[in-house]
K.L.:
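This is the structure I have questions about; it appears just below.
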Amino acid sequence: MKRTLSKVYEPSKVEEKWAGLWIERGYFTADPHSGKPPFSMVIPPPNITGSLHLGHALNNTLQDIMARFRRMEGYNVLWLPGIDHAGIATQNVVEKKLLAEGLSREELGREEFVKRVWQWKEESGDTIIGQLKRLGASCDWTRLRFTMDEGLSMAVREVFVRLYREGLIYRGDYIINWCPRCMTALSDLEVEHEEKSGSLYYLKYPLKDGTGSITVATTRPETMLGDVAVAVNPEDERYSKLRGKTLVLPIVEREIPIIEDPAVDREFGTGAVKITPAHDFNDFEVARRHSLPSVAVMDERAGMNENAGPYRGLDRFEARKKMVEELKEKGLIERVEDYRLSVGTCYRCRTVVEPMVSKQWFVRTGPLSRPAIKAVEEGALRFVPKSWEKTYFEWMRNIRDWCISRQIWWGHRIPAWHCKDCPHITVATTTPEGCEGCGSKDIEQDPDVLDTWFSSALWPFSTLGWPEDTEELRVFYPTSALFTSFDIIFFWVARMIMMGLKFMEDVPFRDVYIHALIRDAQGQKMSKSKGNVIDPLVMMERYGTDALRFTLAVLAAQGRDIKLAEERIEGYRNFANKLWNLARFTMMHLEDKPAESPRPDDYSVADKWILTRFKACRGQVASALDAYQFDVAAKSLYGFVWHELCDWYVEAIKPDLKGEKGETRKKTSTGVLLTVLADTLKLLHPFMPFITDEIHSYISEREESLVKEGFPQPPESYPEEASNMETVMDVIRCVRNIRVEFNIPNRAELECVVLTRKEATKRAIEEGAHYIKALSGVKEVGFITEEERPRKGVFNVARGVEGDTVEVFVPIRGYVDVEAELGRLERELEKVERELSAVKKRLSKENFLKKAPPEVVEKERGRSRELEERRERLLKGLERVRAL
RNA sequence: GGGCGGAUAGCUCAGAUGGUAGAGCGCAGCCCUUACAAGGCUGAGGUCACAGGUUCGAGCCCUGUUCCGCCUACCA
């Protein structure tokens with residue numbers, strides 16, 4: 001088994017091998033019949049248009065860490081993968097491709113177009129799956145789902161029909177957001193608001209009786225042709241005498257009334273507002289209250305229509321310009337002010353959306369939202385971090401009906417059939433023979449498709465086989481956790497909760513872990529146009545997948561955005577290399593035959609220390625992961641591996657490994673090193689699956705992958721020896737510090753003598769003397785008493801055991817720079833005195849002694865004693881140096 | 001307009017239930033010591049945004065202020 005590792009870890013050589021092996025061996029395939037406790041997650045399905053970006057990488061790395069961790073803990077893990085058909089986005093992509101061929105979707109026809117999209121899906125759908133596999137995602141790939149699969153489509157139809165029959169889905173003419181580029185309705189959520197600078201135009205509308213005019217303020221003069229009234233506040237005295245009068249709308253010369261509505265803000269503009277129900281949400285409501293008609297002036301491409309008279313055919317922005325010119329000429333513009341306004345844009349194509357009245361399908365959300373609110377209030381479902389619950393409640397409590405129909409071709413066709421012979425609509429899960437109402441065979445399916453998020457909302461149970469009653473549903477629903485970022489809490493999380501409760505009568509997941517959004521090192525959102533994107537695939541290529549994964553984990557502090565700079569990844573690449581070399585070092589000392597387990601009776605202080613530290617690290621990793629604190633877990637591992645295992649333990653046992661201390665010591669240290677390394681690999685495996693499995697395959701006698709290993713058991717710990725070792729380490733630091741401060745060559749042989757007060761400290765140092773010699777390069781460690789305190793020489797103060805202190809003297813004839821040493825000691829003294837006076841001040845307060853808990857007071861007293869001792873020692877040291 | 005979050009070392013950030021301010025990176029000095037220069041050792045660096053308050057004690061709790069983000073909203 002003795003093989004040598006290359007000097008540097010080369011990720012590209014091992015990653016592909018392991019990614020393939022894990023899947024081939026079926027490690028990630030969940031078995032509903034396993035007796036183990038279940039742990040399940042559904043992946044947030046990436047779009048089929050997509051290629052892996054950093055958001056995916058983060059999202060899936062964290063899920064994978066959790067999945068692998070739970071698997072090692074002994075859970076029956078199902079992590080179900082899938083992809084999303086992403087209606088509008090995908091349709092846009094395919095349309096663009098067609099455009100390159102000189103084709104439009106209209107030319108192709110619906111059927112042919114949809115065929116093309118499927119073709120495209122086949123080609124590109126695998127891309128992101130392959131990339132997820134490359135990331136190491138331990139999904140159950142045998143259960144891969146797609147939102148347009150037959151099973152999932154069935155679930156969609158089933159839900160639609162049930163909701164429709166319960167009156168929770170309805171169809172009607174309402175004002176909705178319309179994207180004139182995508183040519184479809186959008187839900188409120190799909191509109192993004194942007195602050196832009198524009199103008200506020202003050203328009204004069206003459207009174208019909210010729211007695212004057214009224215001035216309204218608007219940011220959208222082009223919609224005036226669709227005005228059906230001007231509204232004022234009923235309590236606004238300025239306009240009381242105009243009550244009931246009629247205005248003549250300029251240009252088209254249409255007569256419109258002056259109405260009164262309490263919603264009008266008297267303070268804004270002139271206190272009079274034009275009412276355009278066909279192109280403004282607010283006006284739509286006002287018009288309904290007053291039974292006013294609606295006049296649309298634009299068509300579905302947001303061009304002016306026949307109601308726009310002379311402006312017919314113009315684009316809306318073009319029309320605005322021309323209309324303002326005309327009104328100016330006619331003297332109907334009183335003034336124009338600069339104005340900041342927020343405009344809604346389409347979240348898929350950034351086109352300014354146009355509010356329009358049209359016939360659409362809606363989900364009545366009120367009855368669905370109430371149980372969804374309750375579930376979170378009662379703790380059936382938990383947000384992590386908890387603060388996101390507020391955001392959730394805020395939206396849920398003010399939820400509005402959800403427009404679910406889209407005028408596109410790619411998606412789940414609405415399962416509703418219109419009858420040509422009667423007004424009845426037949427809603428059914430399968431194509432009906434004829435009209436339910438009149439029996440006519442002349443029926444036609446609704447041309448619209450459903451909002452993509454409608455099918456996503458069913459994801460946690462549709463993927464498990466619903467509406468069938470499957471084993472999977474019984475075992476794995478509700479899922480254990482959902483990982484996502486905050487930007488889709490409303491889009492997705494909230495809707496899954498509503499649908500899960502409605503159709504499964506239970507929450508879709510117990511925990512929702514909300515992770516950060518990734519930004520660049522300057523905190524800017526990454527975007528292709530800014531050119532600041534970091535491509536995870538390039539990073540994996542350059543630094544290794546494990547390095548990328550570890551970086552993402554370490555940066556995933558709760559409740560904060562992640563600012564990522566490439567140097568961070570490089571840093572964790574170095575960590576991977578460190579681990580690799582630790583393994584390389586370990587292997588160099590392994591015999592050809594399997595190592596025997598070391599006997600606890602033979603453990604050295606260093607052995608006991610590292611086992612104790614390992615136990616602490618193991619505990620931190622486990623509890624941090626339980627609490628979704630990936631950063632804490634990763635940092636703990638980093639610190640343990642690098643700064644405890646490599647920096648101290650390996651260095652401390654080198655003499656043992658060389659056989660300088662006899663065969664037993666050699667065997668024991670080798671054994672402990674190997675054990676700790678092997679168990680550390682298990683702790684690290686969820687974070688860095690590739691390198692850990694690669695190393696494991698070298699050092700373990702078993703062929704199996706770490707995926708099949710259990711999370712390591714905590715070893716025996718030795719607090720007393722561990723504390724002794726810390727004292728020894730501190731003494732070593734003292735000597736090293738003196739060496740560096742006085743510029744003493746490494747080769748120069750030094751001695752050191754220590755002065756301790758407590759017997760326990762002395763014993764610890766005695767027992768650890770060989771470590772001190774080996775690691776600080778001193779020839780001898782001697783002990784002196786107070787009377788023997790040197791008159792001259794330099795020293796440092798180390799921590800003893802139980803609050804004791806140790807003076808570490810290093811005779812350095814010929815090396816001392818008196819000035820430098822005086823400066824150093826004075827600085828140190830100053831610091832100690834500053835702290836001491838703070839502590840003393842505290843202790844001098846009667847109130848503190850009376851009111852603070854006794855153990856705190858005792859701690860302060862101990863600290864005061866320790867600081868005083870330190871101060872005394874420093875003062876004496878200063879004297880000695882001055883005497884030099 | 002409402003809401004949420006942030007301001008801690010040069011940079012990026014940790015700092016449960018108030019009790020000695022930490023890490024990574026960067027920086028400086030010294031070291032190619034046969035696991036690793038993608039490395040080792042040592043070190044410098046902080047009025048915890050500001051002003052009050054509660055408390056024996058505040059980075060943490062309360063009030064206010066100033067800057068940043070983000071979410072949300074029917075001020076035309």
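In what follows, every chain begins at residue 1, and chains take the letters A, B, ... in the order their sequences are listed. On a predicted model such as this, the values are computed, not experimentally measured, just so you know. Scope of the values below: all heavy atoms of this structure, side chains included, with no hydrogens, waters or symmetry mates.
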K.L.:
Does a nitrogen or oxygen in the side chain of A:Asn737 sit under 4.0 Å from OP1 or OP2 of B:G43?
P.N.:
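Yes, within the criterion.
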K.L.:
Grab the CD1-P distance between A:Ile732 and B:U42 for me, whole Å please.
P.N.:
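Rounded to whole Å, this separation is 10 Å.
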K.L.:
If we take the P atom in both B:G5 and B:U63, what is their distance in whole Å?
P.N.:
12 Å
K.L.:
Expressed in angstrom and rounded to an integer, what is the separation of A:Gln620 atom CD from B:G22 atom C1'?
P.N.:
13 Å
K.L.:
Under a 3.5 Å distance rule, please check whether A:Thr670 uses its side chain to pair with a backbone N or O of A:Lys666 as donor and acceptor.
P.N.:
yes
K.L.:
Within the structure shown, what part of the strands sits under 4.0 Å from A:Asn577 by heavy-atom distance: base, sugar-phosphate, or nothing?
P.N.:
base
K.L.:
Show, in sequence, the C-alpha distance, side-chain angles and deciding distance for A:Tyr347 and A:Phe491, and conclude whether the ring-ring contact (aromatic ring centres under 6.0 Å, His included) test is met.
P.N.:
CA-CA 12 Å; A:Tyr347 84 138; A:Phe491 274 113; 5.5 Å; yes
K.L.:
Of all the nucleotides listed (B:A38, B:U42, B:G19), which has the minimum atom distance to the side chain of A:Arg733?
P.N.:
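Among B:A38, B:U42, B:G19, the one nearest the side chain of A:Arg733 is B:U42.
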K.L.:
Using the P atom on both, measure B:C56 against B:G46 and round to a whole Å.
P.N.:
32 Å
K.L.:
For nucleotides 69-76 of chain B, give me one character per nucleotide, 5' to 3': B if any protein heavy atom sits under 4.0 Å from the base, S if the only such contacts are to the sugar-phosphate, - if neither.
P.N.:
---SSBBB
K.L.:
Would A:Arg736 count as a cation-pi partner of A:Trp648, with NZ or CZ less than 6.0 Å from the six-membered ring centre and within 45° of the ring normal?
P.N.:
yes
K.L.:
With rounding to the closest Å, how many angstrom separate the C1' atoms on B:A9 and B:G24?
P.N.:
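Pairwise C1' distance, B:A9 against B:G24, rounds to 12 Å.
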K.L.:
If you compare every side-chain N and O of A:Arg736 against the phosphate oxygens of B:U42 (OP1, OP2), does one of them come in below 4.0 Å?
P.N.:
yes
K.L.:
In whole angstrom, what separates A:Phe575's CZ from B:A23's C1'?
P.N.:
14 Å
K.L.:
Is a side-chain N or O of A:Ser485 found less than 3.5 angstrom from the main chain of A:Ala516, in a donor-acceptor match?
P.N.:
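No, the answer is negative, given that no donor and acceptor are paired below the 3.5 Å cut-off.
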K.L.:
Rounding to an integer number of angstrom, what distance separates B:C41 and B:C32 when you compare their P atoms?
P.N.:
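After rounding to an integer number of Å, I get 15 Å for this pair.
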K.L.:
Could you tell me whether A:Val8 contacts a base, only the sugar-phosphate backbone, or nothing, with contacts defined as non-hydrogen atoms closer than 4.0 Å?
P.N.:
base
K.L.:
Within this structure, what is the NZ-to-P distance between A:Lys386 and B:C4, rounded to whole angstrom?
P.N.:
15 Å
K.L.:
Check whether the side chains of A:Glu394 and A:Thr391 place a donor and an acceptor atom closer than 3.5 Å, and report yes or no.
P.N.:
no
K.L.:
Nearest-nucleotide wise, let me know which of A:Tyr9 and A:Lys654 is further upstream toward the 5' end of RNA chain B.
P.N.:
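Between the two, 5'-proximity favours A:Lys654.
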K.L.:
Hey, does A:Arg584 reach any base, or is it just sugar-phosphate, or nothing, if we go heavy atoms under 4.0 Å?
P.N.:
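Sugar-phosphate: the residue A:Arg584, judged by heavy atoms under 4.0 Å, touches backbone atoms but no base.
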K.L.:
Take atom CD of A:Gln629 and atom P of B:C13, then tell me their distance rounded to the nearest Å.
P.N.:
18 Å
K.L.:
Using the P atom as the point on both nucleotides, what is the distance between B:G59 and B:A51, in whole Å?
P.N.:
13 Å
K.L.:
The criterion is ring-ring contact (aromatic ring centres under 6.0 Å, His included); which residues satisfy it with A:Tyr543, sequence neighbours excluded?
P.N.:
none
K.L.:
Roughly how many Å apart are B:C74 and B:A14, using the C1' atom of each and rounding to a whole number?
P.N.:
43 Å
K.L.:
A:Phe284 near the nucleic acid: base, sugar-phosphate alone, or nothing, with a heavy-atom cut-off under 4.0 Å?
P.N.:
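Since no nucleic acid heavy atom lies under 4.0 Å of A:Phe284, the category is nothing.
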K.L.:
For A:Arg739, report the nucleic acid contact type (base, sugar-phosphate, nothing); a contact means any heavy atom under 4.0 Å.
P.N.:
nothing
K.L.:
How long is the line joining CE of A:Met396 and C1' of B:G3, in whole Å?
P.N.:
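To the nearest whole Å, that distance equals 18 Å.
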K.L.:
Select from A:Trp388 and A:Lys578 the residue whose nearest nucleotide in RNA chain B is closer to the 5' end of that strand.
P.N.:
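Comparing both residues, the 5'-ward one is A:Trp388.
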K.L.:
Roughly how far apart, to the nearest Å, are B:C50 and B:U42 at atom C1'?
P.N.:
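One C1' to the other, the span is 38 Å.
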K.L.:
Which residues in residues 641-648 of chain A have a heavy atom closer than 4.0 Å to any atom of RNA chain B?
P.N.:
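A:Trp642, A:His643, A:Cys646, A:Asp647 - these, ordered by number, are the residues of the stretch whose heavy atoms sit under 4.0 Å from the strand.
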K.L.:
Return yes if some donor-acceptor pair links the side-chain N/O of A:Thr345 with the main-chain N/O of A:Glu192 below 3.5 Å, else return no.
P.N.:
yes
K.L.:
Suppose we screen for side-chain contact (heavy atoms from CB on, under 4.5 Å). Which residues come up paired with A:Asn177, at least two apart in sequence or across chains?
P.N.:
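Expected list: A:Leu186, A:Asp188, A:Val191, A:Phe281, A:Val353.
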K.L.:
Which word best sums up how the rings of A:Trp580 and A:Tyr698 line up, parallel for under 30°, tilted for 30 to 60°, or perpendicular for over 60°?
P.N.:
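Ring orientation, 0 to 90° scale: perpendicular.
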K.L.:
Should stems be defined as at least three consecutive Watson-Crick or G-U pairs with both distances under 3.5 angstrom, which of them involve RNA chain B?
P.N.:
B:1-7 with B:66-72, B:10-13 with B:22-25, B:27-31 with B:39-43, B:49-53 with B:61-65
K.L.:
So with a 6.0 Å cut-off around CG of A:Asn398, is the heavy-atom count from everything else above 12?
P.N.:
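Yes, because the 6.0 Å sphere around CG of A:Asn398 holds more than 12 heavy atoms from other groups.
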K.L.:
Using a 4.0 Å heavy-atom cut-off, does A:Glu570 contact any base of the nucleic acid, only the sugar-phosphate backbone, or nothing at all?
P.N.:
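Nothing, no heavy atom under 4.0 Å.
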K.L.:
Are A:Phe383 and A:Trp388 an aromatic pair by the rule of ring centers under 6.0 Å?
P.N.:
no
K.L.:
With sequence neighbours left out, write down each residue that passes ring-ring contact (aromatic ring centres under 6.0 Å, His included) with A:Phe575, or none if nothing qualifies.
P.N.:
A:Phe550, A:Tyr638
K.L.:
Rounded to the nearest 0.5 Å, how far does CZ of A:Arg549 lie from OG1 of A:Thr551?
P.N.:
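One finds 11.5 Å between OG1 of A:Thr551 and CZ of A:Arg549.
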K.L.:
Would you tell me if any nitrogen or oxygen in the side chain of A:Lys563 comes within less than 4.0 Å of OP1 or OP2 on B:C13?
P.N.:
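Yes, such a contact exists.
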K.L.:
Would you indicate what A:Val650 reaches in the nucleic acid, counting non-hydrogen atoms under 4.0 angstrom: base, sugar-phosphate, or nothing?
P.N.:
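Touches a base.
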K.L.:
How many Å lie between NZ on A:Lys635 and C1' on B:A14, as a whole number?
P.N.:
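After rounding, the gap between these two atoms is 5 Å.
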K.L.:
From NZ of A:Lys7 over to C1' of B:A37, roughly how many Å is that when rounded to an integer?
P.N.:
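My rounded result for the distance is 9 Å.
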K.L.:
So, does A:Tyr649 get its side chain near the phosphate of B:A35, meaning an N or O under 4.0 Å from OP1 or OP2?
P.N.:
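The answer is no; no side-chain N or O of A:Tyr649 sits under 4.0 Å from OP1 or OP2.
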K.L.:
Report yes or no: does A:His279 contribute a side-chain atom to a donor-acceptor pair with the main-chain N or O of A:Val297 at less than 3.5 Å?
P.N.:
yes
K.L.:
Looking at B:A38, B:U42, B:C25, which one has an atom nearest to any side-chain atom of A:Arg573?
P.N.:
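Side chain of A:Arg573 sits closest to B:A38.
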K.L.:
Using atom C1' in both nucleotides, what's the gap between B:G40 and B:A58 to the nearest angstrom?
P.N.:
40 Å
